[in-house]
Amino acid sequence: MERKRRAPVAAGKIVLSTAMCLAAAITACDRADDTPSLRVEVIATRPHDTQSFTEGLEIDGDTLYESTGLSGLSDIRASTLDGAHEFARAELAAPLFGEGITRAGDLLWQLTYRDGIALARDPKTLAELRRTTYEGEGWGLCTRGERIVMSNGGDTLTFRDRNTFAPTGTITLTSHRGSRLNELDCAPDGSVYANAWPTDTILHIDPETGAVLHTIDASALYPRAERLPGADVLNGIAAVPGTDHFLLTGKKWPTTYEVRFTPA
């Protein structure tokens, strides 16, 4: 089911405007959204595989991991951070639909959409080590300290044990209720960034309280009117270690953007 429908080659400080409020798909409120907004500043760009229906993006050290979706077409890849060299890839047999990924210690976890299966992989070879099951849908993953953070397409985040994948707690957004949280990134400061499907908006979340700290409108990165056939929404965010930069891309987008978020 098609739901949720590398070396830098260009540099420049292109500042993209941010929305003052979210679309109705993100919030059911009929009043203006007063959550602070951040701007997207593009630092550099690099090519992205236009066949990649991106569902998960994560950086660990100098390795970039990407998980792609669609039944029969899903895979997971590991490449150099600049994307110039891919050194491992593993395919998911149909009907599995690949989803979010995260490195958690000696394991690389990968979700599936409606299959209820989480795969634990070797981070270097991507070989499957074991499987476990969970209830509900699987969308996004990231690792925050000793816990994994998971989204399931709703406005609640689930915390899981990084070794067993057993649930250990939940937190629900205190605003922007009804948001459909998708791909996640656990930032070095402990906060969580979440793509909000089916928009090109990112929510910056305090996972301790459920407060939405900022909204980030990234729709100007690759405007819908300019998208190639088959290209879909923004879905892929990964903090670049040692910097205040993030990588952003989307489903079948031709470009990955290295950006920073600045006050509006």
Side-chain angles (χ1 to χ4, degrees), residues 6-8 44 46-94 96-113 115-134 138-151 159-166 182-188 192-193 235-243 245-249 251 253 256 258:
R6 287 152 86 153
R46 61 195 71 179
H48 181 251
D49 183 0
T50 55
Q51 298 304 305
S52 295
F53 197 77
T54 305
E55 297 290 0
L57 196 70
E58 181 153 308
I59 297 172
D60 180 66
D62 58 0
T63 299
L64 175 65
Y65 295 104
E66 182 171 1
S67 173
T68 72
L70 303 178
S71 179
L73 298 174
S74 296
D75 62 36
I76 182 170
R77 312 106 183 259
S79 67
T80 52
L81 187 54
D82 61 7
H85 175 61
E86 181 180 297
F87 49 81
R89 181 183 293 221
E91 297 181 352
L92 277 72
L96 296 183
F97 187 125
E99 284 286 347
I101 51 174
T102 191
R103 175 75 184 266
D106 295 331
L107 299 174
L108 181 69
W109 286 101
Q110 181 180 25
L111 291 175
T112 54
Y113 176 32
D115 308 286
I117 297 172
L119 298 90
R121 296 183 178 277
D122 182 296
K124 293 183 178 179
T125 67
L126 304 184
E128 182 180 333
L129 302 176
R130 55 186 168 88
R131 297 185 177 192
T132 190
T133 59
Y134 55 87
W139 287 43
L141 278 184
C142 66
T143 298
R144 182 176 182 266
E146 293 302 311
R147 297 193 296 180
I148 289 173
V149 184
M150 174 179 165
S151 66
F159 304 111
R160 294 184 175 275
D161 183 275
R162 57 189 284 167
N163 295 311
T164 67
F165 212 69
N182 198 0
E183 220 273 299
L184 305 176
D185 183 79
C186 291
V192 171
Y193 291 82
N235 200 43
I237 179 169
V240 180
T243 74
H245 299 181
F246 293 81
L247 296 186
L248 300 180
T249 193
K251 301 170 187 288
W253 283 23
T256 296
E258 183 172 343

Note, Leu57 side chain near Phe246 side chain (heavy atom, < 4.5 Å): no
Minimum heavy-atom distance Ala238-Asp185, with the two atoms named: CA-OD1, 3.4 Å
Atom pair CG (Leu108) and OG1 (Thr125), whose distance is rounded to the nearest 0.5 Å: 10.0 Å
So Cys142 and Tyr193, do their side chains get closer than 4.5 Å, heavy atoms only? no
Is there a side-chain contact between Thr143 and Cys186, using heavy atoms and a 4.5 Å cut-off? no
NZ/NE/NH1/NH2 to OD/OE distance under 4.0 Å, Glu258 and Arg46: yes
For the pair Leu92 and Gln110, evaluate side-chain contact (heavy atoms from CB on, under 4.5 Å) and give the outcome as yes or no after the intermediate values. CA-CA 10 Å; Leu92 277 72; Gln110 181 180 25; 3.5 Å; yes
Heavy-atom distance under 4.5 Å between the side chains of Glu55 and Tyr113, does that happen here? no
Under the 3.5 angstrom rule, does the side chain of Thr112 hit a backbone N or O of Ile117 as a donor-acceptor pair? yes
Please determine whether side-chain contact (heavy atoms from CB on, under 4.5 Å) holds for the pair Phe97 and Asp115, giving the CA-CA distance in whole Å, both sets of side-chain angles, and the decisive distance to 0.1 Å. CA-CA 8 Å; Phe97 187 125; Asp115 308 286; 4.2 Å; yes
On a heavy-atom basis, the closest approach of Leu111 and Trp139 is CD1-N, 3.6 Å
Tell me, with the steps shown, if Ile237 and Leu248 meet side-chain contact (heavy atoms from CB on, under 4.5 Å). CA-CA 5 Å; Ile237 179 169; Leu248 300 180; 3.6 Å; yes
Quick one, Arg160 and Trp109 - any side-chain contact, counting heavy atoms below 4.5 Å? no
Grab the two heavy atoms, one from Gly98 and one from Ser74, that are nearest each other, plus how far apart they are. N-OG, 2.9 Å
In sequence, state the C-alpha distance, the side-chain angles, and the governing distance for Glu183 and Thr54, and then conclude on side-chain contact (heavy atoms from CB on, under 4.5 Å). CA-CA 9 Å; Glu183 220 273 299; Thr54 305; over 6 Å; no
How long is the straight-line distance from CZ of Arg121 back to CZ of Arg131, given to the nearest 0.5 Å? 8.0 Å
Separation between CD1 of Ile148 and CG of Leu107, rounded to the nearest 0.5 Å: 8.0 Å
Any side-chain heavy-atom pair from Thr63 and Arg103 closer than 4.5 angstrom? no
Check for a donor-acceptor pair, side chain of Ser67 on one end and backbone N or O of Glu99 on the other, with a separation under 3.5 Å. yes
Looking only at heavy atoms, the pair that brings Ser151 and Gly140 closest together is OG-N, 2.8 Å
Would you indicate whether Asp161, at its atom CG, is surrounded by more than 12 heavy atoms from other residues, nucleotides or ligands within a distance under 6.0 Å? yes
Inter-residue atom distance Ile76.CD1 - Leu126.CG, 0.5 Å rounding: 5.5 Å
For a 4.5 angstrom cut-off between non-hydrogen side-chain atoms, does Leu119 reach Phe165? no
Asp49 vs Arg77 side-chain heavy atoms within contact, under 4.5 Å: yes
Between Ala239 and Pro188, what is the shortest heavy-atom contact and its length? CB-CD, 4.1 Å
To the nearest 0.5 Å, how far apart are CG in Asp75 and CD in Gln51? 11.0 Å
For the CD atom of Glu66 and the OG1 atom of Thr249, what is their distance to the nearest 0.5 Å? 7.0 Å
Non-hydrogen atoms of Leu64 and Thr80 that approach each other most closely: CB-O, 4.0 Å
